Peer 1: 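Structure provided below as structure tokens; questions to follow.
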Amino acid sequence: MKIAIIGMGYVGLVTAACFAEMGNDVRCVDTDEKRMENLRRGVMPVFEPGLEALVSANRDRLTFAQNLPEALQSCEACFIAVGTPMNGAGGADVSHVLEAAREIGRHMTQPLCIVDKSTVPVGTAKRVRQAVQAELDARSSNLSFMVAANPEFLKEGSAVSDCLKPDRVIIGTGSPEAAALLKELYAPFVMNSEYFLLMDAESAEMTKYAANAMLAARISFMNEIANICERVGADVNKVRVGIGSDRRIGFQFIYPGCGYGGSCFPKDVRALVSFAQDAGYEARLLQAVDEVNARQKHVIAEKVTARFGPDLAGRKFAVWGLSFKPDTDDMREAASLTVIGDLTAAGAHVEAYDPKAMGAARESGLKGNDRVSYAGSKYEAVRGADALVLVTEWKEFRSPDFYEMKEHMKHPVIFDGRNQYDAAQMEKHGFEYYQIGAGRPA
Ligand SMILES: NC(=O)c1ccc[n+]([C@@H]2O[C@H](COP(=O)([O-])OP(=O)(O)OC[C@H]3O[C@@H](n4cnc5c(N)ncnc54)[C@H](O)[C@@H]3O)[C@@H](O)[C@H]2O)c1
């Protein structure tokens, strides 16, 4: 099938490469010309495991087009995968989606199935339809088109495998033709048709928010339990295993930590609260999910100042991990930004190390913070440090050489924002070890 994809971010580019992998002819566009030029030269705009290899293997079926009219030529479907960042009021800014819809309306030359993959508030499919129709009317065109909502559930860090083997594909549309076309397109990904879920556009749009809000709620719930554990003398690591073994609960998304981040959970929970409010409903549980998370991002700095005092001037902290989670270079809403912001605001110097996200951190979230420097390795970062703060659980931090670390650190102190280590082992290694929800070291 010939398809176009608008927006070459994590979702659009991964989707394009996966559709091409299944033999489709995929034309890609993005308003960011530098990004497009890089893609034509094989340079990926984001780090995502397996993406570069997949794009390179499918170069013959992937076109990084000069413009949308070129991309739309003889296409049957056009996907919108542009960003929907948070607007000033906490809601989702759908202006890029609607602009893409207008562009499609201005340039389509044959009947088209328009598919919204971006995460958008309920009712956006209708607005996309209106935006396209208005442009067609302005051209006095009577071209037909269909609209479908197709929310994306891939996770950064495992986006390629998630996209190639989705748990389910959700299609929201009132058009049987659109449903049939998308069923054909997705057939190689969901061999078992039970996992192809057809519903109305509104329910499809809502499903994406409900899924992210549920996962975010599990994390905030566990962080709340962790904070209580700490105060009453329980160990959240044991509690986690205790509740996770209940099959009704399970182990996913119940790891305590220093808060969730990323381009989805924070903005999607807030957007859901916001459009619920617009519809006259105060979503109190979801507001609390967000508030608990915002507070949780300060927990590490609170532990540091409880140990070293409120004035951290003259102290150096090593920070391991900057990206919002491992296996990505995405810094959007990363917990590291709050942790480092708190430490440096209290006068500390931070030497940070991340396997992939230091470039993105320098360019965006930590830009201008002259109390932050970047190390070439995790061991370089801890040299002369008063303590190590672990923020993102990259695999390379799982089993470091504690002897080497201890030798080079000023104080053998670790604040672990992801509970990666065993407290008894840490004691054996001679470290003062602070984690989330598990009391203080003796
Ligand atoms: N990142 C994720 O893990 C993830 C997962 C599921 C769903 N989503 C949702 O998918 C959507 C895209 O997310 P992302 O992380 O890929 O975004 P992104 O910010 O990485 O990329 C968006 C791209 O769209 C481009 N763009 C913006 N307006 C455009 C326009 N009018 N025409 C052409 N290109 C345009 C931007 O230049 C950018 O390259 C969002 O709604 C997001 O919530 C993201």
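These numbers come from a predicted model, not from an experiment. For the numbers below, each heavy atom of this structure counts, side chains included, while hydrogens, waters and symmetry mates do not. In listed order, ligands and their atoms are each counted from 1.
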Peer 1: Fit a plane to each ring of W320 and F397, take the angle between them on a 0 to 90° scale, and name the class: parallel (under 30°), tilted (30 to 60°) or perpendicular (over 60°).
Peer 2: parallel

Peer 1: Quick one, E37 and V43 - any side-chain contact, counting heavy atoms below 4.5 Å?
Peer 2: no

Peer 1: Considering only NZ, NE, NH1 and NH2 on the basic side and carboxylate oxygens on the acidic side, decide whether R284 and E291 come within less than 4.0 Å.
Peer 2: no

Peer 1: Atom NZ in K325, atom CG in D330: separation rounded to 0.5 Å?
Peer 2: 9.5 Å

Peer 1: Counting only heavy atoms, which portion of P45 has something under 4.0 Å from ligand 1: side chain, backbone, both, or neither?
Peer 2: neither

Peer 1: So, 4.0 Å and heavy atoms of K155: is ligand 1 close enough to count as a contact?
Peer 2: no

Peer 1: To which protein heavy atom is atom 40 (C) of ligand 1 closest, and what is the distance rounded to 0.1 Å?
Peer 2: T84 OG1, 3.5 Å

Peer 1: Nearest protein heavy atom to atom 2 (C) of ligand 1, by residue and atom, and its distance?
Peer 2: E156 OE2, 3.4 Å

Peer 1: For F19 and F189, take the angle between the two ring planes, folded into 0 to 90°, and tell me which bin it lands in: parallel under 30, tilted 30 to 60, perpendicular over 60.
Peer 2: perpendicular

Peer 1: Side chain or backbone of S118 under 4.0 Å from ligand 1, or both, or neither, by non-hydrogen atoms?
Peer 2: both

Peer 1: Measure the distance from atom 37 (O) of ligand 1 to every protein heavy atom, then report the residue, atom name and distance (to 0.1 Å) of the closest one.
Peer 2: D30 OD1, 2.6 Å

Peer 1: If we set the cut-off at 4.0 Å for heavy atoms, which region of I6 has an atom near ligand 1: side chain, backbone, both, or neither?
Peer 2: side chain

Peer 1: How does E103 reach ligand 1, by side chain, by backbone, by both or by neither, if only non-hydrogen atoms under 4.0 Å count?
Peer 2: neither

Peer 1: Out of all atoms in ligand 1, which are within 4.0 Å of some heavy atom of A81? Include the element for each.
Peer 2: 12 (C)

Peer 1: At a non-hydrogen distance cut-off of under 4.0 Å, which region of K325 contacts ligand 1 (side chain, backbone, both, or neither)?
Peer 2: neither

Peer 1: In this structure, does ligand 1 have an atom that sits under 4.0 Å from one of the heavy atoms of M36?
Peer 2: no

Peer 1: Note the single closest protein heavy atom to atom 22 (C) of ligand 1, along with its residue, its atom name and the distance in Å.
Peer 2: G83 N, 3.5 Å

Peer 1: Near G9, which atoms of ligand 1 are under 4.0 Å from a heavy atom of that residue?
Peer 2: 16 (O), 18 (P), 20 (O), 21 (O), 23 (C)

Peer 1: Please list the nearest protein heavy atom to atom 11 (C) of ligand 1 with its residue and the distance rounded to 0.1 Å.
Peer 2: V82 O, 3.3 Å

Peer 1: May I ask you to establish whether R129 and F145 are in a cation-pi arrangement, using a distance under 6.0 Å from NZ or CZ to the six-membered ring centre and at most 45° from the ring axis?
Peer 2: yes

Peer 1: Could you establish whether K267 and ligand 1 come within less than 4.0 Å of each other, counting only heavy atoms on the residue side?
Peer 2: yes

Peer 1: Identify, for atom 44 (C) of ligand 1, the protein heavy atom at the shortest distance, and state residue, atom and that distance.
Peer 2: V11 CG2, 3.3 Å

Peer 1: State whether K165 and E21 are salt-bridged, where the test is any N-O pair (Lys NZ or Arg NE/NH1/NH2 against Asp/Glu carboxylate O) under 4.0 Å.
Peer 2: no

Peer 1: Give the residue and atom name of whichever protein heavy atom lies nearest to atom 31 (N) of ligand 1, and the separation in Å to one decimal.
Peer 2: H96 O, 3.9 Å

Peer 1: With a cut-off of 4.0 Å, which atoms of ligand 1 are near a heavy atom of S263?
Peer 2: 1 (N), 2 (C)

Peer 1: So if I count the atoms of ligand 1 from 1 in the order they appear, which ones are less than 4.0 Å from some heavy atom of R35?
Peer 2: 39 (O)

Peer 1: Could you check whether any side-chain heavy atom of Y353 comes within less than 4.5 Å of a side-chain heavy atom of E380, counting everything from C-beta outward?
Peer 2: no

Peer 1: Is there at least one pair of N or O atoms, one from D268 and one from ligand 1, spaced under 3.5 Å apart?
Peer 2: no

Peer 1: Please write down residue, atom name and distance for the protein heavy atom closest to atom 6 (C) of ligand 1.
Peer 2: E152 O, 3.3 Å

Peer 1: Regarding ligand 1, does D32 bring an N or O atom to under 3.5 Å of one of the ligand's N or O atoms?
Peer 2: no

Peer 1: Closer than 3.5 angstrom, by distance alone: can the side chain of T173 be matched with the main-chain N or O of S175 as a donor-acceptor pair?
Peer 2: yes

Peer 1: Using the six-membered ring wherever Trp is involved, compare the ring planes of F415 and Y434 and label them parallel, tilted or perpendicular (cut-offs 30° and 60°).
Peer 2: parallel

Peer 1: Without placing hydrogens or testing angles, list every side-chain donor-acceptor pair under 3.5 Å for residues 356-368, not counting sequence neighbours.
Peer 2:
| residue | atom | partner | partner atom | Å |
| --- | --- | --- | --- | --- |
| S364 | OG | A360 | O | 2.7 |

Peer 1: Should the ring pair Y433 and Y421 be called parallel, tilted or perpendicular, given that the plane angle runs from 0 to 90° and is split at 30 and 60?
Peer 2: tilted

Peer 1: Tell me whether N24 contacts the main-chain N or O of M1 through its side chain, where contact means a donor paired with an acceptor under 3.5 Å.
Peer 2: yes

